[in-house]
Amino acid sequence: MKVVYEDNHIIVVYKESGEIVQGDKTGDKPLSDLVKDYIKEKYAKPGQVFLGVVHRLDRPVSGLVVFARTSKALARLNEMFRKGDVHKTYWAITAPVHKAPVSVQEATVRKAPRSVQEAPVSEASASDFQTIASWLVRNEKQNKSYSYNREIPNSKKAVLKYRCLKKGDNYDLLEVQLLTGRHHQIRCQLASIGAIIKGDLKYGAKRSNPDGSISLLARHIEFVHPVSKQLISLDSPLPDFFQKFV
């Protein structure tokens with residue numbers, strides 16, 4: 001476990017692909033328990049350690065996860081995530097885009113976050129971003145979402161922006177900014193325009209990554225600290241397959 005930031009109220013850690021954020025039916029030890037063990041040992045905490053889970057990443061995804069260390073921080077972070085005041089930027093290694101982004105009339109959505117500044121393509125700018133706006137339907141039995149270009153029963157509107165940071169021989173490196181938070185949103189919406197994430201068998205990849213991961217990284221997170229009100233702006237470490245690509 002890699003700790004990226006910590007103070008009395010929050011702790012931000014790097015999640016490896018394959019780890020689960022919170023306990024599930026597999027019975028595998030979740031990241032939340034590893035963080036509790038870390039806090040208990042480092043600060044010699046007696047009894048049980050408080051830790052609040054405020055958001056999650058899919059098991060095969062790597063990147064930054066924020067936990068609350070106090071009930072005050074948990075309540076405020078929950079509200080910040082609900083209002084879209086926590087800005088997350090993802091990197092994805094994908095097949096080249098071969099379909100035009102879905103274009104629909106946008107409802108009011110949360111403000112776009114700042115983009116990661118150290119992108120490999122220095123001339124990339126905000127004007128390079130394309131928008132995917134569609135309606136997603138979650139299939140609970142399949143643990144999968146489906147994208148539609150119109151509203152249908154049980155669908156939820158989903159909006160993201162993306163741009164290409166670097167083109168490779170077989171794959172592209174995309175930067176993605178979420179404007180809504182839906183089940184498997186990035187994986188589903190990118191696949192809908194042909195930009196299938198490398199290793200993501202569930203959404204159409206032809207082969208898996210050797211380690212079972214998918215090439216999706218929660219690269220950057222930015223928010224105002226729920227207690228101190230200082231700006232927190234953090235970048236994730238780069239997994240090996242991203243380092244090789246960039």
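Hydrogens, waters and symmetry mates are skipped; everything else that's a heavy atom, side chains included, is used.
At least one side-chain heavy atom of F50 sits less than 4.5 Å from a side-chain heavy atom of L74. Using a 4.5 Å cut-off on side-chain heavy atoms (C-beta onward), V65 and L57 make contact. Taking the side chain as every heavy atom from C-beta outward, I11 and Y5 never approach each other to under 4.5 Å. By the 4.5 Å heavy-atom criterion applied to side chains, K161 and D128 are not counted as neighbours. Using a 4.5 Å heavy-atom threshold, the side chains of H183 and N143 count as touching. Here the side chains of L160 and Y90 are not in contact, with every heavy-atom distance at 4.5 Å or above. At a threshold of 4.5 Å between non-hydrogen side-chain atoms, the residues F223 and V66 count as touching. Annotation: side chain of T131 is not in contact with side chain of L179 (no heavy-atom distance under 4.5 Å).
Crowding of Q48 atom CD: a count of heavy atoms from other residues, nucleotides or ligands under 6.0 Å not exceeding 12.
Atoms CZ and OG, from R150 and S134 in turn, are 12.0 Å apart once rounded to the nearest 0.5 Å. Here the NZ atom belonging to K45 is positioned 12.5 Å from the OH atom belonging to Y38, to the nearest 0.5 angstrom. For the atom pair W135 CH2 and E151 CD, the distance stands at 6.0 Å (nearest 0.5 Å). Taken from CG in N170 to CD1 in I93, the straight-line distance is 12.0 Å, to the nearest 0.5 Å. Note that OG of S155 is 8.5 Å distant from CG of L136, once rounded to the nearest 0.5 Å.
In this structure, the side chain of K40 engages the main chain of G47 through a donor-acceptor pair within 3.5 Å. In this structure, the side chain of H220 does not engage the main chain of K88 through any donor-acceptor pair within 3.5 Å. Side-chain N or O atoms of S228 include none that pairs as donor or acceptor with a backbone N or O of H225 at under 3.5 Å. When atom types are taken as modelled, the side chain of R163 and the backbone of Q130 share no donor-acceptor pair closer than 3.5 angstrom. A donor-acceptor pair is defined here as one N or O able to donate and one able to accept, closer than 3.5 Å; no such pair exists between the side chain of Q243 and the backbone of D240. Side chain of R138 to main chain of S145: no donor-acceptor pair is present (N/O by atom type, distance under 3.5 Å, no hydrogens or angles). For the pair R219 (side chain) and S236 (backbone), a donor-acceptor distance under 3.5 Å is present.
A side-chain donor-acceptor contact under 3.5 Å links R56 and Q22. S147 and Q189 are not linked by any side-chain donor-acceptor pair at a separation below 3.5 angstrom, with hydrogens and angles left out of the test. Between the side chains of E175 and T89, no donor-acceptor pair is found at a separation under 3.5 Å.
Taking E19 as the reference, nothing meets the side chain to side chain donor-acceptor pair (under 3.5 Å) condition, with sequence neighbours excluded. Judged as a side chain to side chain contact (heavy atoms under 4.5 Å, CB included), and not counting sequence neighbours, the contacts of Q142 are N139, K144, Y146. Checked against side chain to side chain donor-acceptor pair (under 3.5 Å), D33 has no partners two or more places apart in sequence or in another chain. Every ring pair (Phe, Tyr, Trp, His ring centres under 6.0 Å) that Y203 has, sequence neighbours left out, goes to H184. Residues meeting the side chain to side chain donor-acceptor pair (under 3.5 Å) test with D172, sequence neighbours left out: K167. Listed by chain and number, the residues in a side chain to side chain contact (heavy atoms under 4.5 Å, CB included) with E41 amount to none (sequence neighbours excluded).
K42 has a carboxylate O that lies under 4.0 Å from a charged side-chain N of E6, or vice versa, which qualifies the two as a salt bridge. A salt bridge is absent between K206 and D200: the closest approach of a Lys/Arg side-chain nitrogen to an acidic carboxylate oxygen does not fall below 4.0 angstrom. Between E79 and R76 there is no salt bridge, since none of the side-chain N atoms of the basic residue sits less than 4.0 Å from a carboxylate O of the acidic one. Using a cutoff of 4.0 Å between basic side-chain nitrogens and carboxylate oxygens, D37 and K29 are scored as salt-bridged.
Closest heavy-atom contact between I214 and R187: CD1-NE, 3.5 Å. When all heavy atoms are compared, the tightest approach of T180 to Q185 is O-OE1, 2.8 Å. The nearest pair of heavy atoms linking L64 to L234 is CD1-O, 3.5 Å. Across all non-hydrogen atoms, the minimal contact from L190 to A92 is CD1-CB, 4.2 Å. Among all heavy-atom pairs drawn from D28 and I20, the shortest one is O-CD1, 3.4 Å. Nearest heavy-atom pair across P226 and I10 is CG-CG2, 4.1 Å.
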**Request:** Given side chain to side chain donor-acceptor pair (under 3.5 Å), test S62 with K15 step by step and report yes or no.
**Result:** CA-CA 5 Å; S62 55; K15 172 190 159 330; over 6 Å; no
**Message:** Between R69 and D7, does the salt bridge (Lys or Arg N to Asp or Glu O under 4.0 Å) criterion hold? Intermediate values first, please.
**Reply:** CA-CA 8 Å; R69 291 191 56 195; D7 61 31; over 6 Å; no
**Request:** I would like to know whether V13 and L31 meet side chain to side chain contact (heavy atoms under 4.5 Å, CB included); could you show each step before the answer?
**Result:** CA-CA 9 Å; V13 301; L31 184 61; 3.8 Å; yes
**Item:** Steps toward side chain to side chain contact (heavy atoms under 4.5 Å, CB included) verdict (F67, I39)
**Value:** CA-CA 12 Å; F67 294 97; I39 294 172; over 6 Å; no
**Item:** Criterion side chain to side chain donor-acceptor pair (under 3.5 Å) on D211 and S17, from CA distance to verdict
**Value:** CA-CA 8 Å; D211 62 358; S17 170; 5.1 Å; no
**Request:** Step by step, work out the side chain to side chain contact (heavy atoms under 4.5 Å, CB included) result for F242 and L173.
**Result:** CA-CA 9 Å; F242 277 89; L173 175 64; 3.9 Å; yes
**Request:** With side chain to side chain contact (heavy atoms under 4.5 Å, CB included) as the test, would you mind laying out the steps for H9 and T70 before giving the verdict?
**Result:** CA-CA 5 Å; H9 292 280; T70 63; 3.0 Å; yes
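Hydrophobic clustering places L34 together with V53 (ILVMFWY residues linked when any side-chain heavy atoms are closer than 4.5 Å, directly or through intermediates).
When L216, I186, T94 are each tested for a side-chain contact (heavy atoms from CB on, under 4.5 Å) with V176, only one passes: I186.
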